[in-house]
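Throughout, protein chains are lettered first and strands after them, A, B, ... in sequence-line order, and every chain is numbered starting at 1. This is a predicted model, so every value here is computed, not measured.
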Amino acid sequence: MKFNITSKDGRARTGVIKTPHGNIETPAFIPVGTKADVKTLDISDLHKLRAPAVLANTYHLYLRPGPDLIEKFGGLGEFMGWDGPTFTDSGGFQVFSLGFGLEHGVSKVSNIFPDEENKRKNAVPSRKKLFKIDEDGVNFVSHLDGGKHRFTAEISIDIQQKLGADIIFAFDECTSPMHDKKYTEEAMNRTHKWAKRSVQAWTNREKQGLYGIIQGGAYEELRRKSTEFICSLDTPGIAIGGSLGKSKKDMYDILDWTLPIAPEERPRHLLGIGEIEDLFTASARGIDTFDCVSPTRIARNGSVYVSPQAGGTPANKFNINIRAQKYAADSGPIDENCDCFTCKNHTRAYIRHLFASGELLAMRLATIHNLHFVFSLMNGIRGAIQKERLSKLALDWGIKV
RNA sequence: GCAGGGUUAGUGAAGCGGGCAAACACGUCAGACUGUAAAUCUGAUGGCUUAUGCCUUCGUAGGUUCGAAUCCUACACCCUGCA
């Protein structure tokens, strides 16, 4: 894996990540394909959308169908019939989302600390915690069948090498905005140890690029420490993970603490982010790649992106709820400025009807639209950086970077 | 015609003398979702501009009772037997 910076605009930059399965022009949004598929889409859709890569998940593919089987098929890309670049996440996030996150009903980004009532509402207290973290790794029971398993840095990297993605991630511990500084620091120190061990376990260096993951929650001191440590390791790329605080401002602060002290020549991945606004603000701060379930998940739930011309604003997160009654007879496309398959062929009324009827096509059309929307946005962002006009483009969207 | 059973909010369906504006399900409406246990989850759903409040509802009309969706009478309609 190689990375070249091709232009700069303040702290933002464009570049190219060269992988054995093709180049990724950055900044890029990588759609999430957890179980070796981007939900509702097939590979021809991904090609037509010009998806730069797909990010799959180590935990899920380890449990099913198993890394040995995928290895026999020639790796993740071959297995899923996708000839473009692939990423795999290390499984660290599942330790969080199926452990602490599930127990407390929180995500890695939280606008509020859940109060007692919310905690009770969202948590699953009857369910035993699926994960137990120790200094060396994590014991867990499969959410599928309750079977007992263990992940360590070595195991995660071994699985990821069998999966064979072009870009892989070190095994890390993700914390929540609810964790205090003391615990966040302990988790960060574990992540550092595991990162070091991940680098040692990483042998397939020709074909796979490893990214270390910076942790430290929303604590400046910890984030700086973590950046220094992770960047001291010999990895071709770095990633920012973990709790990104309680607000967008917290997240931007974290980027401001970390990115300026990270080596410029290494690509930076922002794990699990991207809402529309974030793609601007994080690109402006020097993030090169994103992955996020948001566009695909909210699509399946009836939220579709609209540009400022079609009524999108930072306040409504640039999306509308296409299931709403007010679109029942709307003969326009989701977004009149969009030239995706969905917008070229279908009306809001039709898509609303499909959602109301529970038709699978609704989710597929919405997913196509949302992914096209973010890919096209990333195109615009790259073009703007090349012309050193990213902040102006952002302003056109009502976003101050 | 005789005997029995039924008629409850948009739909289905609980309730069978007081805590019933009426369970539950579906539907409908609204919202949430950021390294995907997510085609999931949350809330609202008789009216009153938001109330430990008032008003109107349980086929229709009367009645009994301090009090009725719940008991009685008549009527209407539906179902099941027997004619």
For [X], I'd like to know if atom [atom1] has over 12 heavy atoms of other residues, nucleotides or ligands within 6.0 Å.
| X | atom1 | result |
| --- | --- | --- |
| A:H353 | NE2 | no |
| A:K193 | NZ | yes |
| A:E25 | CD | no |

Quick check on RNA chain B: between A:F93 and A:M363, whose nearest nucleotide comes earlier from the 5' end?
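In this pair, the answer is A:F93.
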Pairwise 5' ranking along RNA chain B for A:E173 and A:L360, keeping only the more 5' one
A:E173
For the residue pair [X] and [Y], categorise the inter-ring angle as parallel (less than 30°), tilted (30 to 60°) or perpendicular (more than 60°).
| X | Y | value |
| --- | --- | --- |
| A:Y62 | A:F151 | perpendicular |
| A:F96 | A:F93 | tilted |
| A:F73 | A:F79 | perpendicular |

Rounded to whole Å, please give me the gap between [atom1] in [X] and [atom2] in [N].
| X | N | atom1 | atom2 | answer |
| --- | --- | --- | --- | --- |
| A:H60 | B:A37 | NE2 | C1' | 7 Å |
| A:I320 | B:C33 | CD1 | P | 16 Å |
| A:L41 | B:U36 | CG | P | 16 Å |
| A:F355 | B:U28 | CZ | P | 14 Å |
| A:L102 | B:C41 | CG | P | 13 Å |
| A:H269 | B:G35 | NE2 | C1' | 6 Å |
| A:D250 | B:U34 | CG | P | 16 Å |
| A:L144 | B:U36 | CG | P | 14 Å |

If you compare all heavy atoms of A:F355 against all heavy atoms of A:A299, which two are closest, and at what distance to 0.1 Å?
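Answer, listing the atom of A:F355 first, then A:A299: CZ-O, 3.2 Å.
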So, is [X] close to the [N] phosphate, meaning a side-chain N or O under 4.0 Å from OP1 or OP2?
| X | N | value |
| --- | --- | --- |
| A:K317 | B:C33 | yes |
| A:N57 | B:U36 | yes |
| A:Q94 | B:G35 | no |
| A:T34 | B:U36 | yes |

Go through residues 299-307 of chain A and report each residue with a non-hydrogen atom lying under 4.0 Å from RNA chain B, sorted by number.
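Those residues whose heavy atoms fall under 4.0 Å from RNA chain B, taken from residues 299-307 of chain A in numerical order, are A:R300, A:N301, A:S303.
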If you only use heavy atoms from C-beta on, which nucleotide in [options] is closest to the side chain of [X]?
| X | options | result |
| --- | --- | --- |
| A:K108 | B:U36, B:U34, B:A37 | B:U34 |
| A:R352 | B:G35, B:C29, B:A37 | B:C29 |
| A:I298 | B:G35, B:A37, B:C33 | B:C33 |
| A:D172 | B:G35, B:U34, B:U36 | B:G35 |
| A:E275 | B:U34, B:G35, B:A39 | B:U34 |

Need one value for [X]: base, sugar-phosphate or nothing, where a base atom within 4.0 Å counts as base even if backbone is also close, heavy atoms only.
| X | answer |
| --- | --- |
| A:Q325 | sugar-phosphate |
| A:A324 | sugar-phosphate |
| A:I213 | base |
| A:G92 | nothing |
| A:K35 | sugar-phosphate |
| A:S107 | sugar-phosphate |
| A:Q215 | base |

Please tell me whether A:F169 and A:Y211 form a close aromatic pair, meaning their ring centres lie under 6.0 Å apart.
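Judged by ring-centre distance (under 6.0 Å), A:F169 and A:Y211 do meet the cut-off.
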From A:S7 OG over to A:Q386 CD, what is the distance, rounded to the nearest 0.5 angstrom?
4.5 Å
Mind checking who B:A22 pairs with, Watson-Crick or G-U wobble, both distances under 3.5 Å?
none
